[in-house]
Number of protein chains: 2
Amino acid sequence: MEDMTGTGTDKRSYSISEVVALTGLTAHTLRWYERIGLMPHVDRSHTGQRRFHDRDLDWLAFVGKLRLTGMPVADMVRYAELLREGESTFEERQELLEATRRDVISRIAELHDTLAVLDRKIEFYAGARRAPERHRVR
Amino acid sequence: MEDMTGTGTDKRSYSISEVVALTGLTAHTLRWYERIGLMPHVDRSHTGQRRFHDRDLDWLAFVGKLRLTGMPVADMVRYAELLREGESTFEERQELLEATRRDVISRIAELHDTLAVLDRKIEFYAGARRAPERHRVR
DNA sequence: CGCTTGCTTCGAGTGCACTCCAAGGATCTA
DNA sequence: TAGATCCTTGGAGTGCACTCGAAGCAAGCG
């Protein structure tokens, strides 16, 4: 079932600059993510250089999604910690994801609301320009 | 010549503390909004105290919506400026709102995407806990 | 009358998420 | 082998949007 290892493109490893190219993040940000514990674990070469793998790219993609929801980095770090702690944290992880899910749903609702407001105003301007007489709006 | 596109509740004016209570913003923030030009105009009493009206509350509610979309304050200030400049800016205002509308729509799409990812992971955890055998995920 | 609220200026502090720098070391390329 | 390029670290700096504080005075209310 759900596994998300190897979706076709797998490569032994990626240097930090390759990951920069692939994700759009900066090398600084990638190192910072690791420093604050936002990366579950990053391999190193025998000379100490970071060797990212596909699972790291998957994780980074997931983090990118979470970032879009406005989730604070600290919460993502918490999730990464749970991951490092192993299977005993399945329940807590699931709860965290479900709470996030609820947040996302309410953000979507807020945005739909905003969209309605925007549409009303846009319609006002469109109308005012079709018939430039009296109008008042803010 | 009553202006106030009255939607029922109109009151002559509101003190800053009343607006604090009504909007949830702080007095500091309200004064700061005015200072940076984010309020189209705020009346003053003969003694110089701020007198907010319903149109100000409407504006503040609109700003609140825009804030939810992640629009930078500078852009909202721009819109407020256009408002102060009068009818000649109708076209530009409409464009600005339409650009914002497009942003909101793409943010909604991103969030739907994120929701799908979240749902897949939540389903994984639910499944893993129903049948606690092999599993692997990030 | 005295307390609360409000006004001003304006500068400093906060929290977040990066973003960049300096110093020095390793690796790749012609 | 030289030089360019990329890597490491810790720490400092940036930008945004507030958020607060202080000083000192005016106004409102009960």
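Numbered from 1 within each chain, the chains take letters A, B, ... in sequence-line order.
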Does A:Val77 reach the side chain of A:Tyr33, with side-chain heavy atoms less than 4.5 Å apart? no

Expressed as a whole number of angstroms, how long is the span from A:Glu34:CD to C:dC18:C1'? 16 Å

Applying side chain to side chain contact (heavy atoms under 4.5 Å, CB included), run through B:Tyr79 and B:Leu97 and close with a yes or a no. CA-CA 9 Å; B:Tyr79 187 79; B:Leu97 294 180; 3.7 Å; yes

Output the rounded distance in Å from CG (A:Leu66) to P (C:dA17). 12 Å

The helix from C:dC1-D:dG30 to C:dA30-D:dT1: angle between end helix axes, five pairs per end, rounded to 10 degrees: 20°

Please report the distance, rounded to the nearest Å, between CH2 in A:Trp32 and P in C:dA17. 6 Å

DNA chain D: B:Met71 or B:Thr26, which has the more 5' nearest nucleotide? B:Met71

Taking only nitrogen or oxygen atoms into account, show me every contact under 3.5 Å that the protein makes with nucleotides 7-16 of chain D, one pair per line with its distance.
from: D:dC7; atom 1: OP1; to: A:Ser17; atom 2: N; distance (Å): 3.3
from: D:dT8; atom 1: OP1; to: A:Arg50; atom 2: N; distance (Å): 3.2
from: D:dT8; atom 1: OP1; to: A:Arg50; atom 2: NH1; distance (Å): 2.5
from: D:dT8; atom 1: OP2; to: A:Arg31; atom 2: NE; distance (Å): 2.9
from: D:dT8; atom 1: OP2; to: A:Arg31; atom 2: NH2; distance (Å): 3.3
from: D:dT8; atom 1: OP2; to: A:Arg50; atom 2: NH1; distance (Å): 2.9
from: D:dT8; atom 1: O5'; to: A:Arg50; atom 2: NH1; distance (Å): 3.4
from: D:dT9; atom 1: OP2; to: A:Arg50; atom 2: NH2; distance (Å): 2.9

Taking for each residue the nucleotide of DNA chain C bearing the nearest heavy atom, is the 5' side occupied by A:Tyr33 or by A:Ser45? A:Tyr33

The answer to which of A:Leu25 and A:His46 contacts DNA chain C further toward the 5' end, by nearest nucleotide, is A:Leu25

Are the charged groups of B:Glu110 and B:Arg107 less than 4.0 angstrom apart, N to O? yes

The residue, B:Thr47 or B:Gly70, whose nearest nucleotide of DNA chain D is more 5′ is B:Gly70

Show, in sequence, the C-alpha distance, side-chain angles and deciding distance for A:Glu123 and A:Arg120, and conclude whether the salt bridge (charged side-chain N to carboxylate O under 4.0 Å, His left out) test is met. CA-CA 5 Å; A:Glu123 190 37 52; A:Arg120 281 200 298 107; over 6 Å; no

Contact check, side chains of B:Leu111 and A:Thr69, non-hydrogen atoms, under 4.5 Å: yes

Without decimals, in angstroms, what is the distance between B:Arg51 CZ and D:dA27 P? 13 Å

Nearest whole Å is fine: how far is D:dC20 C1' from B:Leu30 CG? 15 Å

So, taking the atom named CE in B:Met71 and the one named CZ in B:Arg78, what distance separates them when rounded to the nearest 0.5 Å? 12.0 Å

Report the C-alpha separation of A:Arg101 and A:Glu98 in whole Å, then their side-chain angles, then the decisive distance to 0.1 Å, and conclude whether the salt bridge (charged side-chain N to carboxylate O under 4.0 Å, His left out) test is met. CA-CA 5 Å; A:Arg101 184 181 194 282; A:Glu98 280 167 357; over 6 Å; no

Check whether any side-chain heavy atom of B:Lys65 lies under 4.5 Å from a side-chain heavy atom of B:Val104, and answer yes or no. no

Could you please spell out the steps behind the side chain to side chain contact (heavy atoms under 4.5 Å, CB included) verdict for A:Leu30 and A:Val42? CA-CA 10 Å; A:Leu30 254 4; A:Val42 181; over 6 Å; no

Using whole Å, report how far CG of B:Leu68 lies from P of D:dA17. 14 Å

